[in-house]
Amino acid sequence: MTAPALARPYRKVRPGLWAAWAFLALVCCAALFPALFAGAPDQVDATAVLRGPGAGHPFGTDQLGRDILARVVYGARASLFVGLGSTLLAGAVGSAWGLLAALGGRAVGEAAMRLADILLAFPGILTALLVVAVLGPGTRNATLAITIALAPGFARIVRVQALVVRDSAYVRAAINLGLRPWRILRRHIVPNVLAPLLILATLNVGTAIIAGASLSFLGLGPRPPAPEWGSMLAQARNYLDVSWTLALFPGAAITLTVMSATAAGRALQARYERREP
Amino acid sequence: MPPLARWLARRLALTLFVLWGTATLAFAGMRLVPGDPAHVIAGGVQANATPEVLETIRAQYGLHDPLPVQYAIFIGRLVRADLGESYQLNQPVSTVVLEQLGATVSLAAGAAVLGFTLALVLALLTAGRPRAGALTRALEFCAISTPNFWIGILLLGAFSFSLNWFPVLGEDGPRALVLPWITLALPIAGVLAQITREGLERALGQPFTLTARSRGATENRIRLRHALRHAALPVLTLSGWALGELLAGVVVVETVFARQGLGQVVVSAVNGRDFPVVTGVVVLAALTFSVINTGLDLLYRVVDPRVRQAAL
Amino acid sequence: MTEPLVVVDGLSVDFTTRHGPVRAVRDVSLTLRAGECLAVVGESGSGKSVTARTLLGLAGQGADVRARTLSFAGHDLRRLGARQWRRLRGRQVGYVLQDALTSLDPLRRIGYEVAEPLEVHGLATRDDLDDQVVGLLAEVGIPDPEVRLLQYPHELSGGLRQRALIASAIAARPRLLIADEPTTALDVTVQAQVLDVLAARRDAGTALLLISHDLAVVARLADHVAILYAGTVVEQGPAAELLAAPAHPYTADLLAAVPSVEGPVPDLSGLRSAPAAQEGCPYAPRCPLADDRCRERLPEALPYDTGRLVRCWYPGGAPASVPGERSAVPVVPARAEPVLTVRGLTKRFRSPDGSHRTAVDDVSFDLAAGEALGIVGESGSGKSTTARIVLAEFEPDAGSVLLHGEPWSGLRERDRRARRSRIQLVDQDPLSSFDPRYTVEEVVAEALPRTRDRGERVAELLGQVGLDPAILRRRPGQLSGGQRQRVAIARALAPGPDVLVCDEPVSALDVTVQAQILTLLTRLRRDAGVSLLFISHDLGVIRQVCDRVAVMKDGKVVETGQVETVFRAPQATYTRALLAAVPRIGPGPRVPARPRVPEPVPVTDLKGPT
């Protein structure tokens, strides 16, 4: 599930980027204060079942007569929690893991990298499934599962980057100046390893959100009736013959969020790479 | 030993190590489960199994033995390709897996071919051409950012339910495979097209391209005979990842299109905590990926003579 | 007189970039006849490569090419369509780029690359293609052509690769051969061989357009020379006359800045550095003769002497190419206490195939206080490895390094750290030795103890190396190559070292910038009393800076002695060969091509660990 690190950013800054940041801000607001945007997500309106978009229910209603707008708004929290939470955790675990593998001596480094090899030997979703099988479904467990799936990828990249920095001419120059190893680690190695990692992590948020939604779609995320975009799509799948708008809004919510996060991440990456001529 | 043989030997050792590691992690996972495994086997904690039944189960699955003994038995069976018996289906795991393998392979293989072809064509047509590139770039971006179960649902809604072009469900024939193929192929095609185009553009900016131009080579010759090889290197590097995504997609897409296959097997196994099946599928996936990655690395060595000297 | 093959008159090339239009070439006029060699000489960014590529229709994307005349063999190149250009390229005009490692497709066999022009232009059948390629490889002096044609570029040494590239450029027997820096980055002995190959083509009747930054290299081959500065030809004419008596001040400075291995060592402290002017004469900001007229108006190319053209209001007014001998090298006390004592240094490395290679083999020398010792050798001679051991970047397998008579090698890093400041390094590529996140100020400050007056010390150091304090907040990436090297020197001086190890500090720089850095190093040595251990492949550079020299080959020191003694009367055979291969700007006629026997080429062009 490691994001394609080789994918390059766009070169020009466009209004689309502003839209992306704006949408991200909107999603964050929805996650923090959903009540500002919509009514209760669990309120059943038996008189309006599987309605299309219209007055009263701008996005329509689902098979139980619940307001889809409300469920989409309240679903933002779960998606962001999984996406951001697992990326942050995986970034932290992966950095420590990778730095240890690069700088921790031969035996430790070998062991750390072989463990990563095992976890990277098959698709991340299988790792995540295995973890969910052990821990059971739920938002927290899905986050942990995706963390475990993402972390070895981060670790590998951090290790490579740390080795590059360790052998770089500027670290050699710092050694030549007689600086202490701890100071070199703090002033040169860690900042130069982590700066690109932060950008990679931003790019990974989208991947993590999709992974979280996939687990929910498979029924392994938050238990219903909790609103979540992936599980809403799983239900919508069963009513496609009746109403296809049911699937429209939660899917669009995921896609737009992922697009915005990726566009923002790429813009940051482009800025970072252009920092030096 | 010649370099290639030595390299293959090391790859084989690595594959065995990865398989052992995967199996061990899966075993550790099983024993980490909160609660009594016997309960799980009996059909979950909710199922009120009598103590006698639980006792029988413990005896049957060797749960009385100390952990190291259980582990040794588990590994011993694995070496003989015996993946154990499904808790839920009361069938050997290998039978379950083999039954479903065909459907999954035809789904994944078709999507892989479609995805790679699409990416290659798009990249060759648009590399170094800013206008065409910008449009396809936008499309690729959409393809990458859209979860494939949503693509699947939209395709299903539009082409099967509304237009009735393709069957809604079912396994029969290639017609039922078209939409799942597209669903799976789009995201990886998006990524691969980007990588390929970037590789092409990077190669087209290199001095050897200038040299080739200075010899009077045509644009097509430069793209196909020089740049494409260079673009193939990052694509090969990323292919392992792309195929992994594809397999991950299979799990989801089988659910969307209500198809039989390994994805369905593993999802219901995870839901029912059917560990032998989960372990079996995971070990099989690890084996498949070790083989695929070894193949890709071999191809890389074929394309790039510079890495042939390196031992590993 | 024969008709000229190439006629360029009033060529201008502009590029549209994101930062606005860039005038790469302005009003350049050149002619070239069959069997002649025209050298276009200029520093980086002077527009020399763009000029050459215009003749192939490959000036680049967004290039706006205008000319009064642009013709090849009577054809107007301005009117060619894409297909006609392709028929010209390779068939009529061959092109040799610098650095064959990147100019040959690294994923294709040598044979394929050489055969490509033949295939493209339909000059070979399937059956005789291989024979033709073998013949071409033999023609440029590649031994075992049948074997080589199946190899890949990375499997060949630098010299062989360059020959293969030439073979591919001449495969279709073009009437014009353009060689763009064909010998840059090659060792001098290999350089001489590659130039011989080009000379043979010229003598066979091919017109040769030689692009180079190095006057000494072109002096061997060129019949005519055109000097380019900031896109303008400032001077052109017959090579012998032009080099003997440069008329334009820039040519004079360029000539003076070329480090030579004989004759007096010139004083170059008068060289100025400034960006080219956009209005008037581009060289005016650096020119000692410049007045208001120069700053306002660029003169036309005016005839000067016989058959020469000069764009200068004061042609021939520049001081002679040797403006007087440099003040004598600071004399080192006869038997000064050695700062650095190196004894029996040996280092072996494992090759990828598992065998061991001795990179440094029993090397011993002393470095006295205030002395400058040069270590000269070709790539793979072990000179850089020696420098790295002296810097204690790794330990020798045998032998020892003493600093002020106390052990320096073989210590734990902890015990060495406090004395690290005694030896500092100035590297070939300063940019990579700066933390990419750091500003110039942070780079230099890091080398200083954390005291209250650190900011003042940084400014002081920058002044010492001739940098404006205005660049303090800039990042090294935004500086020019010369400025970067000055920052690196400032950082190296910051801890007040006793020894400065300079590892090829000027080999990536333009020749006038190089002269300035060398002048700076010499001055700092005098003022700061620091000893120099100066590693270089360039004998002329060593001579400019050092008192003593050690010549290395295959890890061994083959000769040591005072610079003047060694250069005047070399004892070792290898030193003699090295000196003989150095290109010279001598008076007299050009060197005729030697009868070209495919001589054995040293295949061991292995690069030492750096």
Side-chain angles (χ1 to χ4, degrees), chain A residues 6 8-14 17 95 99 102-106 157-158 160-200 267-277, chain C residues 18-19 387-388 390-394 412-439 442-450 474-480 484 487-489 491-497 499-501 503 609-610:
Chain A
L6 291 166
R8 277 302 133 108
Y10 297 136
R11 305 232 150 58
K12 277 175 253 156
V13 178
R14 285 170 301 183
L17 188 60
S95 312
L99 280 173
L103 311 171
R106 219 184 133 78
I157 291 164
V158 167
V160 170
Q161 179 70 12
L163 288 177
V164 168
V165 173
R166 188 193 68 183
D167 298 334
S168 71
Y170 57 87
V171 167
R172 286 210 314 247
I175 295 172
N176 251 325
L177 288 172
L179 301 189
R180 290 175 188 289
W182 182 242
R183 190 172 145 89
I184 296 175
L185 188 72
R186 205 160 42 85
R187 301 250 350 226
H188 295 291
I189 299 183
V190 170
N192 279 300
V193 170
L194 292 195
L197 182 79
L198 275 177
I199 288 151
L200 190 71
L268 288 179
Q269 187 186 12
R271 250 175 81 167
Y272 175 77
E273 283 176 359
R274 244 186 291 125
R275 185 190 51 160
E276 292 285 304
Chain C
R18 213 178 297 161
H19 312 290
R388 301 290 174 198
V390 167
L391 285 162
E393 281 188 12
F394 41 76
R412 281 183 308 177
E413 185 58 30
R414 199 180 312 160
D415 302 327
R416 196 155 36 208
R417 197 168 296 132
R419 290 190 293 149
R420 276 273 182 199
S421 61
R422 300 294 91 215
I423 303 187
Q424 287 299 306
L425 169 72
V426 178
D427 214 343
Q428 172 176 359
D429 174 16
L431 187 57
S432 69
S433 76
F434 304 140
D435 189 315
R437 299 174 312 114
Y438 276 29
T439 61
E442 289 168 313
V443 165
V444 179
E446 191 180 38
L448 290 165
R450 273 181 273 191
R474 301 264 280 278
R475 288 181 194 282
Q478 301 163 315
L479 304 179
S480 73
R484 286 174 197 163
V487 174
I489 294 173
R491 173 176 64 182
L493 287 177
V499 180
L500 215 51
V501 177
D503 191 356
T610 47

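Protein chains get the first letters and strands the later ones, always in sequence-line order, with residue 1 at the start of each.
By the neighbour-count criterion of 12 heavy atoms within 6.0 Å, atom CZ of A:Arg183 is densely surrounded, having more than that number from other residues, nucleotides or ligands.
The two atoms that bring A:Pro191 and C:Arg437 nearest to each other are CB-CZ, 3.2 Å, heavy atoms only. Residues A:Asn176 and C:Gln424 approach most closely at O-NE2, 3.0 Å, considering heavy atoms. Taking both residues in full, the closest heavy atoms of C:Ser432 and A:Ala169 are given as O-CB, 3.3 Å, listed atom of the first, atom of the second, then distance.
Here the CG atom belonging to A:Leu179 is positioned 5.0 Å from the CD atom belonging to C:Glu446, to the nearest 0.5 angstrom. In this structure, CG on A:Leu177 lies 10.0 Å from CZ on C:Arg420, to the nearest 0.5 angstrom. In this structure, the separation between CZ on A:Arg172 and CG on C:Asp427 is 6.0 Å, given to the nearest 0.5 Å.
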For this session: Walk me through it: do A:Arg187 and C:Tyr438 pass the test side-chain hydrogen bond (donor to acceptor under 3.5 Å, both in side chains)?
Result: CA-CA 10 Å; A:Arg187 301 250 350 226; C:Tyr438 276 29; 2.7 Å; yes
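Between chain A and the residues C:Pro430, C:Ala492, C:Pro497, C:Ser433, the most heavy-atom pairs under 4.5 angstrom are made by C:Ser433.
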